[in-house]
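To keep things clear, I will list the structure first and then write my remarks on it.
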Amino acid sequence: AQSVTQLGSHVSVSEGALVLLRCNYSSSVPPYLFWYVQYPNQGLQLLLKYTTGATLVKGINGFEAEFKKSETSFHLTKPSAHMSDAAEYFCAVTDTGRRALTFGSGTRLQVQP
Amino acid sequence: GAVVSQHPSRVICKSGTSVKIECRSLDFQATTMFWYRQFPKQSLMLMATSNEGSKATYEQGVEKDKFLINHASLTLSTLTVTSAHPEDSSFYICSAKVGSLNQPQHFGDGTRLSIL
């Protein structure tokens with residue numbers, strides 16, 4: 001069984017500050033990891049993904065995440081927050097045997113002016 | 001590329017009504033489509049996995065007779081909520097992907113279902 005834990009249901013940062021959203025996963029096989037963003041009343045947009053290869057992955061809108069196997073983590077970062085980054089962020093995992101995603105509980109990011 | 005269209009975006013109807021939600025992959029062929037349900041301020045919960053031409057696989061606790069899924073082609077899957085009741089009110093989101101395991105799922109914009 002797989003699971004995803006997102007620490008912090010709400011994160012608030014000032015505009016221009018570093019964004020750090022935490023994600024830890026549990027998987028008995030090598031995971032495929034994803035970060036999605038959701039704006040109100042909309043579906044999910046893929047920010048970035050890790051499958052194999054380089055452990056530091058860069059995504060859209062200046063976000064990046066690093067896969068750390070020893071820590072079973074896949075934290076999402078952005079050097080400088082923008083007001084438009086305010087949204088709900090979901091970390092998700094799948095394995096090589098299943099195709100469905102298991103989502104974390106989500107983190108709501110607020111960006112203060 | 002990789003656009004998934006979900007329709008309708010919002011439905012408000014009376015209790016006992018059946019509601020059909022469509023999920024289309026516009027510019028790719030989706031071998032697999034997924035249906036998720038999201039309650040307010042909660043995460044997405046997988047309801048079922050739909051493969052073209054075969055019966056959907058439902059997650060534990062999801063009533064297959066309540067939530068009918070049809071995946072008639074490689075670009076269309078439908079979810080029908082039969083005899084909907086207020087407790088079925090939720091945000092339903094579909095996603096689609098091609099067969100390769102390391103390809104991401106592409107999500108529709110969701111359907112807000114409100115049963116009065």
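Just so it is clear: chains get the letters A, B, ... in the order the sequence lines come, proteins before strands, and each one is counted from 1. The shown structure was predicted, so the numbers you read here are calculated from the model rather than taken from an experiment. When reading the values below, keep in mind they use all heavy atoms of this one structure, side chains included, and skip hydrogens, waters and symmetry mates.
Under a cut-off of 6.0 angstrom, the local environment of CZ in R112(B) is crowded, with over 12 non-hydrogen atoms contributed by other residues, nucleotides or ligands.
For the atom pair CD (Q105(B)) and NZ (K49(A)), the distance works out to 12.0 Å, reported to the nearest 0.5 Å. T102(A) contributes atom OG1, which lies 11.5 Å from atom CG of L44(B) (distance to the nearest 0.5 angstrom).
Counting heavy-atom pairs under 4.5 Å between each of S9(A), A92(A), S105(A) and chain B puts S105(A) at the top. Interface check for chain A: of the options G108(B), S95(B), G110(B), the most heavy-atom pairs under 4.5 Å are formed by G108(B).
Hydrophobic cluster membership differs between L113(B) and M33(B), with clusters built from Ile, Leu, Val, Met, Phe, Trp and Tyr side chains linked at under 4.5 angstrom. There is a path of hydrophobic side-chain contacts, each under 4.5 Å, that joins F63(A) to V11(A). Cluster membership check: F103(A) does not share its hydrophobic cluster with F67(A), using side-chain heavy-atom separations under 4.5 Å among Ile, Leu, Val, Met, Phe, Trp and Tyr. The hydrophobic clustering, which links ILVMFWY residues whose side-chain heavy atoms are closer than 4.5 Å, places V19(A) and M83(A) together. Residues I69(B) and Y92(B) share a hydrophobic cluster, clusters being chains of Ile/Leu/Val/Met/Phe/Trp/Tyr side chains in contact below 4.5 Å.
For F90(A), the part lying under 4.5 angstrom from a heavy atom of chain B is the side chain only. Looking at Q38(B), only its side chain comes within 4.5 Å of chain A, counting heavy atoms on both sides. Heavy atoms closer than 4.5 Å to chain B are found in both the backbone and the side chain of L44(A). Contacts between Q38(A) and chain B at a heavy-atom distance below 4.5 Å involve the side chain alone, from C-beta outward. Proximity to chain B (any heavy atom under 4.5 Å) is restricted, for Y36(A), to the side chain, taken from C-beta onward. For I93(B), the part lying near chain A is the side chain, with the backbone staying farther off; criterion is any non-hydrogen pair under 4.5 Å.
Across all their heavy atoms, Q42(A) and F91(B) have their closest contact at O-CE2, 3.5 Å. Taking every heavy atom of both residues into account, L101(A) and F107(B) meet most closely at CD1-CZ, 4.2 Å.
Pairs engaging residues 78-89 of chain B under the side chain to side chain donor-acceptor pair (under 3.5 Å) rule: K66(B)-D88(B) [sequence neighbours left out].
Of the possible polar contacts, one joining the S43(B) side chain to the G104(A) backbone as a donor-acceptor pair under 3.5 Å is found.
No side-chain heavy atom of T94(A) sits under 4.5 Å from any side-chain heavy atom of K97(B).
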